[in-house]
Amino acid sequence: YYEVKVNEGMAEREINNKVTTQYGDVVKTSNEVKTSVSDGDLELKLISVDADDGIVKSGYGYRYVLYVTNKSNKDIKNVKTTINTSNILNISEIYYIDSENHANMVENTNSIDIDKILSGETIEVSIYTTVSIFNDETSKDVSITANSVVNDKKYTSNEINLKARSNLLL
């Protein structure tokens, strides 16, 4: 997995990506991925507040913040935002404070609707999760990412990859 961030002014262009790796004398090249670039009105950035070492523990709670920035010169309304997680990372609460200082919160669901984001404004969406309890002697791969949809256009955040450890491995 890798992420490509596109600079402003690249709309209506195509980006070609491929990866070449070398180990000793062996060289491998991936397939080429072509991506058409269009103007975007939103930028999403997801960060981990508590799991900065990349490890989450079975039965514990962890916080994440999704920064949703309106990059356009007009206000954006009805931003449907969804948090996607691995099956052992459970969302308990999502909330944000709007531009009028009203708290908007949902519980036990993975999506929240942002009513409005002013031009140039960044909304901080707080995400509270818990890791399901498991008691085997393995660690499990866990990921979290987010996307927002505005006017049928989907924007995706970076992905955070973590390792979940059971209580037996602590």
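In this text the structure is predicted, and so the values were computed from the model without any measurement.
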For D50, all residues meeting salt bridge (Lys or Arg N to Asp or Glu O under 4.0 Å), sequence neighbours excluded: R63

List in chain and number order the residues that pass side chain to side chain donor-acceptor pair (under 3.5 Å) with N87, two or more places apart in sequence or in another chain; answer none if no residue qualifies. none

Same cluster or not: are I144 and F134 linked, directly or through other Ile, Leu, Val, Met, Phe, Trp or Tyr residues, by side-chain heavy atoms under 4.5 angstrom apart? yes

Verify same cluster id: Y155, I127 (apolar side-chain graph, 4.5 Å): yes

Got a donor-acceptor contact below 3.5 angstrom from the Q22 side chain to the G24 backbone? yes

Closest approach of V131 to K57 (non-hydrogen atoms, all atoms of both residues): CB-O, 3.5 Å

When you check the side-chain N and O atoms of S132 and N90, is any donor under 3.5 Å from an acceptor? yes

Measure the spacing between CG of N70 and NZ of K77 and express it to the nearest 0.5 Å. 12.5 Å

Would you please name every residue forming a salt bridge (Lys or Arg N to Asp or Glu O under 4.0 Å) with D53, sequence neighbours left out? none

From D75 atom CG to K116 atom NZ, the distance as rounded to the nearest 0.5 Å: 5.5 Å

Partners meeting side chain to side chain donor-acceptor pair (under 3.5 Å) with T82 (sequence neighbours left out): none

Only counting residues at least two apart or in another chain, list the ones meeting side chain to side chain donor-acceptor pair (under 3.5 Å) with S119. none

For S48 against I160, the heavy-atom pair lying closest together: N-CD1, 3.6 Å

Decide whether I112 and Y67 are clustered together by the hydrophobic rule: side chain heavy atoms of Ile, Leu, Val, Met, Phe, Trp, Tyr closer than 4.5 Å, transitively. no

Looking at every non-hydrogen atom in both residues, tell me the closest pair between I76 and L42 and how far apart they are. CD1-CD2, 3.8 Å

Looking at E14, is its backbone amide N or carbonyl O close enough to the side chain of N16 to form a donor-acceptor pair, meaning the two atoms are under 3.5 Å apart? no

Determine whether a donor-acceptor pair (N or O, by modelled atom type, separation under 3.5 Å) exists between the side chain of N151 and the backbone of K153. no

For T145, check side chain to side chain donor-acceptor pair (under 3.5 Å) against everything at least two apart and list the hits. S157

